[in-house]
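I have placed the structure first, in the form of structure tokens, so that the comments after it can refer back to it.
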Amino acid sequence: ELSDPASLGITSELPPWLPNPDYYDSHYQVVQIDKEEYEMLRTKNWISYTHSVHYEGWRVVAFDPDNQRSIIVSEGTL
């Protein structure tokens, strides 16, 4: 739910990059972008949003205000 403050964040608070097997072990998520783009997002204070996508699944999306686009950062499941 958008009004849930836990679902909003900023990209500079993304966890450090790890290769996908390690990232999944630590965060139950698979990164959907390359390392360079992920690390760039961590240098920005862009809005990020986590939302449900499947039963016990979620997606982390970042909003790029310069290009007016959403970037799917990662997807997870339990």
Side-chain angles (χ1 to χ4, degrees):
E1 174 176 313
L2 185 56
S3 63
D4 179 1
S7 64
L8 295 174
I10 56 173
T11 57
S12 62
E13 295 176 342
L14 288 168
W17 168 268
L18 293 169
N20 264 329
D22 299 325
Y23 198 92
Y24 185 84
D25 288 344
S26 296
H27 308 288
Y28 298 105
Q29 298 177 49
V30 175
V31 177
Q32 302 295 312
I33 56 177
D34 64 30
K35 181 179 182 179
E36 182 179 319
E37 187 170 20
Y38 187 92
E39 292 295 354
M40 179 275 301
L41 289 175
R42 294 186 71 222
T43 69
K44 305 287 185 182
N45 286 315
W46 293 350
I47 294 171
S48 65
Y49 176 68
T50 302
H51 67 93
S52 297
V53 290
H54 302 291
Y55 177 72
E56 294 186 352
W58 62 92
R59 179 177 290 148
V60 177
V61 179
F63 180 70
D64 174 351
D66 300 328
N67 296 305
Q68 297 289 298
R69 69 181 184 113
S70 295
I71 302 165
I72 298 172
V73 178
S74 61
E75 293 184 338
T77 187
L78 294 178

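- Leu41 contributes atom CG, which lies 9.0 Å from atom OG of Ser48 (distance to the nearest 0.5 angstrom).
- The CD atom of Glu39 sits 8.0 Å away from the CH2 atom of Trp17 when rounded to the nearest 0.5 Å.
- Atom-to-atom distance recorded for Thr11:OG1 and Arg42:CZ is 10.0 Å, nearest 0.5 angstrom.
- In the displayed structure, Tyr24 atom OH is contacted under 6.0 Å by more than 12 heavy atoms of other residues, nucleotides or ligands.
- In terms of modelled atom types and a separation under 3.5 Å, the side chain of Arg69 and the main chain of Asp64 share no donor-acceptor contact.
- More than 12 heavy atoms of other residues, nucleotides or ligands sit less than 6.0 Å from atom CD of Gln68.
- Here the shortest heavy-atom pairing between Tyr23 and Pro16 reads CE1-O, 3.8 Å.
- When hydrophobic clusters are built by joining Ile, Leu, Val, Met, Phe, Trp and Tyr residues whose side-chain heavy atoms come closer than 4.5 Å, directly or via intermediates, Leu14 is not grouped with Ile10.
- For the atom pair CD of Glu37 and CG of Asp34, the computed distance is 6.0 Å after rounding to the nearest 0.5 Å.
- At a threshold of 4.5 Å between non-hydrogen side-chain atoms, the residues His27 and Pro15 count as touching.
- With hydrogens and angles ignored, the 3.5 Å screen pairs no side-chain donor or acceptor of Ser70 with any backbone N or O of Val61.
- Between Thr77 and Glu75 the shortest side-chain heavy-atom distance does not fall below 4.5 Å.
- Within 6.0 Å of the CD1 atom in Ile33, the count of heavy atoms belonging to other residues, nucleotides or ligands exceeds 12.
- Atom CD1 in Ile47 sits 8.0 Å away from atom CZ in Phe63 (nearest 0.5 Å).
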